[in-house]
Structures are given as structure tokens and as C-alpha cells.
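Note that ligands are numbered from 1 as they come in the structure, with each ligand's atoms numbered from 1 the same way.
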Amino acid sequence: MRRLFVAGNWKMNTTLETGRALAGAIAEAISKEMTGVEVALCPPCPYLSVIGETVQGSGVHLGAQNVYFEKPGAFTGEVAVEMLIDVGCRYVILGHSERRHILGESDLNINKKMHAALEGGLKVIFCVGEQLSEREADKTEEVLDTQLDRGLKGLDVEALGNVVIAYEPVWAIGTGVTATPDQAEAAHAYLRNRLDDRYNTHVAESTRILYGGSVKPENAETLLTQPNVDGALVGGASLKVETFLPIIKAAQEVTKT
Ligand code: PGA
């Protein structure tokens, strides 16, 4: 059985104080009542240490939004895997569409980061997803296939145990437009089949595939009840306790049934 997972991607948002308050409120709620769902917060890099201390002991995990693939050294502006581990990170997000399309990150770069992160002891939330023009040209599966193949290149079955996949259609990120439950389920089922082809049935059945793209309290339940949707990677709605907690609660309900 796959344990549902809800991760908050704060992107380049919050201040130290608002971030601390947000993380504190979520940690308190989680430590009191919501044990069935795995929860992670991914704040901006400068706040990782403080947010890590804030959520310590609550069961909420800490994740980073990026990492560099080289060992510590002369790489101005970059952050090493060791540093993320040092401040208590368990996860790192890789392959996010904003890094692919705004920062120009390539599949090759993502793959190098993937290897470095996993070898260094981080778990990876690996994002894949098509742009609107690609969906309209009926290329969704082709894009997912390529991103999956290139991103996971060289990883064995054991490494896959530390990878969570996030399907994030680019046209649904931060736009308020969510993939329909059917569209999400179709993409997730496709990705799971590809894992079966590439690895084996056990990997396909045990790998969690999250949905991301305008997940909100109003649509969380219908998305999370799809058979192949194992959680959510939440951007905008993770920045407020009153919108993030109901999404976690929706996941909790699914786990219970
Ligand atoms: P959104 O972002 O929930 O604001 O659409 C999701 C993401 O980019 O991970």
C-alpha cells in the first residue's frame, strides 16, 4: 500500500517570520492528529534551517527546492547535498517546471542532480509534466516518457525506492486551472505503466505519484481519490494554513478508506 504524501512547495515566497508561523501551525496540527499522511514542507533555501527546527519532532519532513550535483567546493551560489542533509532535509524537489522552463534546467542536469541527491541520502520529488502546446499536439505521453527516461537514467531499482514522482502539467501550475481527475488519472496510470516497463511491477506499484497544479481544498478530494494519485505537490495553497491543512485532511480521509 502506498502512503499518501502531501508536500508544500513554497517556491520563492514567505518571509522568515511568516514562514516560521506557517510551519509552526502545520507542525502543531500534524503532531496532534494526522499521522496517516506523510507531510513535507519545502521552504526557500535561506529558511531551511529555521523551518527544520520549527517542525522538529512533529513528523513533518523538510525538503529543499533545488540542489547542485557537485561536492562542496568552488561553485558560487550553489548548495550541496551535504548541506541540505546537515540542516535536516529529507527531500529535494528536482525537475520542477519552473526550473526547467524559467531557469533552463536540462534533463541531463536534472539526472546529475538526481544521482547526487540519492547517493548523498536525500529522497527526491521528481517532477514531470507537459506544456499546454504539447498537450494540444497530443504529445503528453511522449513528453512524460522522455522526461522519465532521461531523468531516471542510470538509477537502479533500489534507488527508485527513494524517488517520488510528481505529475505537474505545466498549464495547471499557478494558473488556477486544474487537470480534471480523468486527465490526472490517465497521466498517472501512464507513468506507472512506464515504471513497470522500465523496472518491474513492484517498483510500479510501490512508487508514489503525486499530482501538482492548482491543488486546492475544493478539488483535493476528487483528485486524491483517483486510483493512481498518491498525494499532492502543492504550491499556492501551501502558503496558508487554512488552505494547506484541508488538503492534508482530504488525503487522510483517502488513506482511511
Ligand atoms: P500550484 O503549484 O499549486 O501553485 O499550481 C504547484 C507546483 O508548482 O508544485
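Between H96 and ligand 1, an N or O atom pair is found at a separation short of 3.5 Å. For V234, no nitrogen or oxygen atom sits less than 3.5 Å from a nitrogen or oxygen atom of ligand 1, counting backbone and side chain alike. Considering backbone and side-chain atoms together, S214 places an N or O closer than 3.5 Å to an N or O of ligand 1.
Counting heavy atoms closer than 4.0 Å to ligand 1, residue C127 contributes nothing at all. Proximity of N9 to ligand 1, defined as any heavy-atom pair under 4.0 Å, is confined to the side chain (atoms from C-beta onward).
I125 places none of its side-chain heavy atoms less than 4.5 Å from the side chain of N9.
Atom numbering of ligand 1 starts at 1 in the shown order; those under 4.0 Å from a heavy atom of G213 are 5 (O). Atoms of ligand 1 lying under 4.0 Å from any heavy atom of G174, numbered from 1 in the order shown and given with element: 1 (P), 4 (O), 5 (O). Those atoms of ligand 1 with a heavy atom of A172 less than 4.0 angstrom away are 5 (O).
The environment of CD in E242 is crowded: more than 12 heavy-atom neighbours from other residues, nucleotides or ligands sit within 6.0 Å. Heavy atoms of other residues, nucleotides or ligands lying less than 6.0 angstrom from NZ of K139 number 12 at most.
Contact detail for C89 and L122: the closest heavy-atom pair is O-CD2, 3.5 Å. Listed here is the closest heavy atom pair of A25 and V241: CB-CG2, 3.6 Å.
Checking each of R99, K112, R100, K113 against D107 for a salt bridge (Lys or Arg N to Asp or Glu O under 4.0 Å) leaves exactly one that passes, namely R100.
Shortest contact from atom 4 (O) of ligand 1 to any protein heavy atom: G236 N, 2.8 Å. Protein heavy atom nearest atom 2 (O) of ligand 1, with residue, atom name and distance: K11 NZ, 3.2 Å.
Heavy-atom proximity to atom 3 (O) of ligand 1, evaluated over P169, G129, S238, G235, is greatest for G235.
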